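What follows is a set of notes on a single structure, which appears directly below.
Here is the naming used below: chain letters follow the sequence lines, and residue numbers restart at 1 for every chain. Everything numeric here is computed off the predicted structure, so don't read it as measured data.
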Number of protein chains: 2
Amino acid sequence: MRGLRLHSLPMSIEGTDARVDYSRVFTQAIDRLHAEGRYRVFIDILRNKGMFPNARCFAGHNGPKPITVWCSNDYLAMGQHPKVIAAMEEALHDVGAGSGGTRNIGGNTHYHVDLEGELADLHGKEAALLFTSGYVSNEATLATLAKILPGCVIFSDELNHASMIAGIRNSGCEKQVFRHNDLAHLEELLAAADPAVPKLIAFESVYSMEGDVAPIAAICDLADKYNALTYLDEVHAVGMYGARGGGISERDHVAHRLTVIEGTLGKAFGVMGGYIAADRMIVDVIRSYAPGFIFTTSLSPVLVAGVLASVRHLKQSSVEREGQQAAAAKLKAMMRDANLPVMLGETHIVPVMVGDPVKAKKISDILLAEYGVYVQPINYPTVPRGTERLRFTPGPAHDEAMMAELVSALVEIWERLELKMAA
Amino acid sequence: MRGLRLHSLPMSIEGTDARVDYSRVFTQAIDRLHAEGRYRVFIDILRNKGMFPNARCFAGHNGPKPITVWCSNDYLAMGQHPKVIAAMEEALHDVGAGSGGTRNIGGNTHYHVDLEGELADLHGKEAALLFTSGYVSNEATLATLAKILPGCVIFSDELNHASMIAGIRNSGCEKQVFRHNDLAHLEELLAAADPAVPKLIAFESVYSMEGDVAPIAAICDLADKYNALTYLDEVHAVGMYGARGGGISERDHVAHRLTVIEGTLGKAFGVMGGYIAADRMIVDVIRSYAPGFIFTTSLSPVLVAGVLASVRHLKQSSVEREGQQAAAAKLKAMMRDANLPVMLGETHIVPVMVGDPVKAKKISDILLAEYGVYVQPINYPTVPRGTERLRFTPGPAHDEAMMAELVSALVEIWERLELKMAA
């Protein structure tokens, strides 16, 4: 569904002049965003290391005033963890800033090799492979898998992330979209497909804008029944679920049943980059054939060293995970008690529904300018039109006083703008 | 051309069993690489900061012995420059490891804003936009530009990088491939196209595997004549050419004539990431519509801080550029005098033709194991089959003694393997 939305750029060159007016086409593209109230203004901030979620905001938004960040994906504040900072500093002084090349040509450091081993172990897989981002890991892996498997059909959850949709589309394979987390619909589509063609079920564990969770075991049952491979995006779960941070697949004891598990190093692990974990043979295929892996400078060893420290720490420490879960439960309860339209999923993500892009932006602007609360409006194309929302990501560093301030600010704004409270 | 090569994965599922044997398909894909002698083994190294091109190589290749790196794209050794290291360390302690979000949602730091201003200035453009890699900047920008411009035809040099080919292919637009740096062929194709459709000429300044340079001004003349936009990839030129490191387009005083200039932060600038520079409106369009920009965690502020220091330094210092040019000229002369089949382009890249993937790998293996010289074989799909080569990238830190050792090692190996000397 999101893939289709991304395609909808119905600009046309009006008139019949032989000479193309490029400037007009570009201007029209931007004007459309303004007209729909979804032109994006990036808020210019600097975080204060060691004091997250406190940060500084630069002039033009609320002046250079302190703010509280409520929309970071540095879910466990590992981006400021002393072990992570120390590891990055050591690597910086040991080997320097960048890797200097692709993994094949000069850019394969011992840090990369170590981290791939650590991530394979995290998911109980034979091997892992690093990418420059989670986006690239999804795009490159899905596109390559589907190209390697002739005639492959990919069964894709309708709320899959844009990067998965990009990979599926770029593979050129047939795509069957199943309704979100709908096992009956997925089985219907699997049963209708030719048994002789390769099949791949692509889905996420935690859906980042809804905060709900996929029925992984049941999807694996269907995959077994119809001889399909499975591809699970755990970017909003790794580090945060499971005894060692292996994600929902670890929590549910189903990691061994999945063909490919994909994760990010830029959210709960606090740094940057993406990866897959799978059987050695599949990792070798992606490593050897995926242009998005082969033809790009590898992750800076400084980042890789930081991630190594982060992953190793979160394999052994559950304090951060427990703190995050407690904060999310607390904030959801406070919002529900205040009759705010909070979506009550089981995860750490706390979305509050607004349903209008202009209002979502307006609330966000007031929060920043008047309350020093930083939360972005989530508008199309990130979510479907009409489901615009605010999305809060409380973590172990958000305390109850911050939550009380946030909830009372929201209630005041909801009243001021005459927005709909929860039923 | 490279795009077609990437597509050639003619695996088929043999037999008529109804049940797909996934394992066999994957195994066949890997077996093909072994059979063709182009299965890639990543050399596991750690660079010694401050002593580049010296590095350490881990066991299994030549044992944990010191090596000299001859194939890094950290062309000017900026990855170990004290200003770069200091800036990264400061950012690490000021704001932490990762950005924590996409540019729109929590991941827009003041470092990002500053660096985009610095890069726009470097190329004399109104604006610039950061991406997580050069690969992503090419893929996302070309795909989005062509989608925004209905009916767009892209004219693409046959040796364009895989990331440009990916962007063009993923846009779904019509592609016309012109012979490498062939103005007559490009004009022939432009003249034959419908004058009423949008056109974009996509090319590189320095071609990284050949080391030759595009006739940028003449291509801009054709663009003017046929009302086409231009897209120039300067990844192997930024930092290294022009009085301030603005690339070949600065050296040739044609930057203002190009619609989009694309560059990398992971080669001469020594860190990681990619960018485009262009008019404000075009940058705003890409920023607003490109999935590969929108839906990904932004560059770590630590990396951005390092790049800021690197770009600023190379705007004012020419010592590194002059050292690199002198080293490249020296090495080419020494190789020519030794009758090695070196390709004598005008740039800093020094390719030595082998013409066979197995022999290229063999030479590389001997150099590493016996001489402590690290240079990767460049095989298909990075270059066309039959043009396999070694590619040396001398820089300001490679001294004449290193060059003399390298050349005498190559001469010995050439004789041992009975390879062809230069005519």
Walk me through it: do A:Leu303 and B:Met272 pass the test side-chain contact (heavy atoms from CB on, under 4.5 Å)? CA-CA 10 Å; A:Leu303 302 180; B:Met272 177 184 169; 3.9 Å; yes
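A donor-acceptor pair under 3.5 Å links the side-chain atoms of A:Tyr22 to the main chain of B:Asn227, judged by distance alone. When atom types are taken as modelled, the side chain of B:Asn108 and the backbone of A:Ile43 share a donor-acceptor pair closer than 3.5 angstrom. Put simply, the side chain of B:Gln376 gets close to the backbone of A:Asn104: a donor and an acceptor are under 3.5 Å apart.
Residues B:Ile148 and A:Ala29 approach most closely at CD1-CB, 4.2 Å, considering heavy atoms. Of all heavy-atom pairs spanning A:His161 and B:Phe295, the tightest one is CE1-O, 3.4 Å. Nearest heavy-atom pair, A:Pro195 versus B:Val20, reported as atom, atom and distance to 0.1 Å: O-CG2, 4.4 Å. Minimum interatomic distance between B:Gly292 and A:Tyr135 (heavy atoms only, all atoms of both residues): N-OH, 3.5 Å. Considering every non-hydrogen atom in both A:Val84 and B:Ala97, the closest pair reads CG1-CB, 3.9 Å.
Ranked by heavy-atom pairs under 4.5 Å with chain A, the list B:Thr102, B:Ile282, B:Leu265, B:Leu229 is led by B:Leu229. Put simply, of B:His81, B:Met88, B:Arg103, the one with the most heavy-atom pairs under 4.5 Å next to chain A is B:Arg103. Interface summary for chain B: among A:Gln80, A:Met78, A:Lys199, the most heavy-atom pairs under 4.5 angstrom belong to A:Lys199. Chain A forms more heavy-atom pairs under 4.5 Å with one residue of B:Ser72, B:Gly100, B:Gly106, B:Ser300 than with any other, namely B:Gly100. With chain A as partner, the option from B:Val271, B:Asp94, B:Thr109, B:Asn73 having the largest number of non-hydrogen pairs under 4.5 angstrom is B:Asp94. When each of B:Gly270, B:Pro301, B:Ser133, B:Ala166 is checked for heavy-atom pairs under 4.5 Å with chain A, B:Gly270 comes out on top. Each of B:Asp74, B:Thr264, B:Leu33 has some count of heavy-atom pairs under 4.5 Å with chain A, and the biggest count is that of B:Leu33.
Heavy atoms of B:Thr27 lying under 4.5 Å from chain A belong to its backbone as well as its side chain. Residue contact with chain A, scored on non-hydrogen atoms closer than 4.5 Å, involves the backbone and the side chain of B:His93 alike. Interface residue B:Val113: only side-chain heavy atoms are found under 4.5 Å from chain A. Within the 4.5 angstrom heavy-atom criterion, only side-chain atoms of B:Phe293, from C-beta onward, approach chain A. Interface remark: B:Ile378 contributes side-chain atoms only to the contact with chain A (heavy atom separation under 4.5 Å). Contact of B:Val69 with chain A is not made at all, since no heavy-atom distance falls under 4.5 Å. With a 4.5 Å cut-off on non-hydrogen atoms, B:Ser163 does not touch chain A at all. Neither the backbone nor the side chain of B:Thr259 comes within contact range of chain A; no heavy atom of the residue lies under 4.5 Å from a heavy atom of that chain.
At a threshold of 4.5 Å between non-hydrogen side-chain atoms, the residues B:Phe26 and A:Asp284 do not count as touching. For the pair A:Asp44/B:His112, no side-chain contact is recorded, criterion being any heavy-atom separation below 4.5 Å from C-beta on.
Taking the centre and axis of the six-membered ring of B:Tyr289, the NZ or CZ atom of A:Arg32 falls outside the cone set by 45° and 6.0 Å. Geometrically, A:Arg287 engages B:Tyr39 in a cation-pi contact, judged by NZ or CZ lying under 6.0 Å from the ring centre and within 45° of the ring axis.
For the atom pair OG1 (A:Thr297) and NZ (B:Lys267), the distance works out to 4.0 Å, reported to the nearest 0.5 Å. Taken from CD1 in A:Ile105 to CZ in B:Phe42, the straight-line distance is 10.0 Å, to the nearest 0.5 Å. To the nearest 0.5 angstrom, B:Leu299 atom CG is 9.5 Å from A:Thr132 atom OG1. Here the straight-line distance linking atom OG1 of A:Thr296 with atom CD of B:Glu139 works out to 11.5 Å at 0.5 Å rounding. Separation of atoms CZ (A:Arg40) and OG (B:Ser288) is listed at 8.0 Å; rounding is to 0.5 Å.
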